[in-house]
Participant: 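Shown below is the structure under consideration.
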Number of protein chains: 2
Amino acid sequence: MENKSTEEKIFDAAYREFVEKGYEGARMQAIADRVGINKALLNYYYRTKDKLFDAVVPRIITQLPIGINNILEKDNPFEQKIEEIVHLYIGFLKKNPLIVRFVLRELLNGPDRLAKIFVEVIEHKDNNLIARLTELIEKEVQAGNIIPIKPEQLIINIISLCVFPFIGRFMVENIILKNAGTNFDEFMKDREKEVVDFILNAIKP
Amino acid sequence: MENKSTEEKIFDAAYREFVEKGYEGARMQAIADRVGINKALLNYYYRTKDKLFDAVVPRIITQLPIGINNILEKDNPFEQKIEEIVHLYIGFLKKNPLIVRFVLRELLNGPDRLAKIFVEVIEHKDNNLIARLTELIEKEVQAGNIIPIKPEQLIINIISLCVFPFIGRFMVENIILKNAGTNFDEFMKDREKEVVDFILNAIKP
DNA sequence: GTCTATAATGTGATAGAC
DNA sequence: GTCTATCACATTATAGAC
């Protein structure tokens, strides 16, 4: 696999450096070192740190499991859709903690740098997911299958329950689990089922 | 109020600078400018940026509503305790978005800088809160007042539902609420009641 | 205590040889 | 394309006069 072009090698190295350190923390020198070249070559291929960052970001963001349309497509009962969404999210977060941290950190530092591309990616991949999910929930409410709840609240509840433990991992480990006789991985393993039950219980009429 | 010592003025200015920009983003020059002095004086009172940061951080972190012991002390029914905790958390987050962002950003950049003091603060203010909350939940489960649920899962569910919308505010605003005909403030106003209902429903036997 | 001036370092960007 | 050398700038830290 040594036939990668220098440009690709730089891209890959930059990808890792930015994901690990964030824009501010990333160092051009460190990227050059990862490739085994010097900084001047970075400038030759990508003119500036900003441009290199902009080149890498889409590759990072498009990995987010935003497009869960396939789950909605399938003709499964509502409960099962919820379950699949939860598993998809938590599964992704388990496998990609660095990406989650990266996105969050950049958004916190000021969404400006990510905002534009973020919205682009969503509108491209998302394909009105939220609108369709909203519609689905409203239908279930009207049919009396679940309690009356505003779709946007339910959607955010689902995301909150899946995502927060990874964001607040430090606190979860050092405060809540400290004396619980379990570790983070075990806790998260339990949690997949736990969250599904919690949600389904909460919306059961 | 002009009788503050220079040292106090520096402390206050540093507090604001660090909270707004984070450790990496904060500039010693900016702090000096806020006070109306020059950088050399910062060095006179606090030797380095690190030491100034360490001096300020406890003041920031101790504001977190970790010690919710008073809520547990009161002899209210379990449901009401949940409700009060949710209101306390969301109320705090509404009033102190910058503090939340600060803590989160520093934890994401690597908990090392905050970790030690964070744990200290918790152990001092927290006073076995989690242990007591855990005990309380276990008692409710055994009494059959709520469904069987692991205390640590329930605790994190509560925190998740309160905190996440503020963390993911950008996404909430730009994705979920985009076409919902509402804004973040309205959404969060609704949410206080919504979250309480959601939780109580979820744990109802 | 407070200032001016400057050192010391780190980082991104560029010039120019090969 | 790739390198060495260097610039330009920002930022923290410090020396020394008052």
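Letters A, B, ... are given to chains in the order of the sequence lines, protein chains preceding strands, and every chain is numbered from 1.
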Participant: Nearest whole angstrom, please: distance from the P of C:dA15 to the CG of A:Leu41.
Facilitator: 16 Å
Participant: So A:Ala26, base contact, sugar-phosphate only, or nothing? Heavy-atom distance under 4.0 Å.
Facilitator: sugar-phosphate
Participant: When all nucleic acid strands are considered with a 4.0 Å heavy-atom cut-off, which category describes B:Leu42: base, sugar-phosphate, or nothing?
Facilitator: nothing
Participant: When you measure from the side-chain N and O atoms of A:Arg47 to the phosphate of C:dT14, is any distance below 4.0 Å, counting only OP1 and OP2?
Facilitator: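 Result: yes.
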Participant: Tell me: CD of B:Gln29 to P of C:dT4, nearest whole Å?
Facilitator: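 For the pair B:Gln29 CD and C:dT4 P, the rounded distance is 11 Å.
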Participant: Let me check the geometry of the helix from C:dG1-D:dC18 to C:dC18-D:dG1. What is the bend angle between the axes at its two ends, five pairs each, to 10°?
Facilitator: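 Between the first-five-pair axis and the last-five-pair axis there is 20°.
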Participant: Would you please name every residue forming a salt bridge (Lys or Arg N to Asp or Glu O under 4.0 Å) with B:Lys193, sequence neighbours left out?
Facilitator: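 Scan of B:Lys193 (salt bridge (Lys or Arg N to Asp or Glu O under 4.0 Å), adjacent residues dropped) gives B:Asp197.
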Participant: Might you work through the side-chain hydrogen bond (donor to acceptor under 3.5 Å, both in side chains) test for A:Gln29 and A:Asp33, ending with a clear yes or no?
Facilitator: CA-CA 6 Å; A:Gln29 183 61 58; A:Asp33 290 346; 2.9 Å; yes
Participant: Does a salt bridge link A:Glu192 with A:Lys94, judged by any charged N lying under 4.0 Å from a carboxylate O?
Facilitator: yes
Participant: Take atom NZ of B:Lys49 and atom C1' of C:dG10, then tell me their distance rounded to the nearest Å.
Facilitator: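 Those two atoms, NZ and C1', are 13 Å apart.
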Participant: Rounded off to whole Å, could you give me the NZ-to-C1' distance for the B:Lys39 and C:dA7 pair?
Facilitator: 11 Å
Participant: Roughly how many Å is it from CG in A:Leu52 to C1' in C:dG12, rounded to a whole number?
Facilitator: 12 Å
Participant: Quick one: do A:Glu152 and B:Lys178 make a salt bridge, cutoff under 4.0 Å?
Facilitator: no
Participant: May I ask you to test the A:Leu72-A:Leu133 pair for a side-chain heavy-atom distance under 4.5 Å?
Facilitator: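 Contact flag for A:Leu72/A:Leu133 side chains = yes.
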Participant: Taking B:Lys49 for the side chain and B:Ala26 for the main chain, is one N or O donor matched with an acceptor at less than 3.5 Å?
Facilitator: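 Looks like yes, one N/O pair under 3.5 Å.
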Participant: Between which nucleotides of DNA chain D, 5' to 3', does chain A make heavy-atom contacts below 4.0 Å?
Facilitator: D:dG1 to D:dT4
Participant: Indicate yes or no for a side-chain donor-acceptor contact from A:Glu106 to the backbone of A:Ala115 under 3.5 Å, with no hydrogens or angles considered.
Facilitator: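 A pair under 3.5 Å: no.
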Participant: Using whole Å, what does the distance between atom P of nucleotide C:dA13 and atom CZ of A:Phe53 come to?
Facilitator: 14 Å
Participant: Just the rounded figure in Å: distance from C1' of C:dG12 to CZ of A:Arg27.
Facilitator: 10 Å
Participant: Is any side-chain heavy atom of B:Glu186 closer than 4.5 Å to a side-chain heavy atom of B:Asn183?
Facilitator: yes
Participant: Taking A:Lys81 first and then A:Glu140, would you say they form a salt bridge - that is, a charged N and a carboxylate O separated by under 4.0 Å?
Facilitator: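 Judged by the 4.0 Å cut-off on N to carboxylate O distance, A:Lys81 and A:Glu140 do not form a salt bridge.
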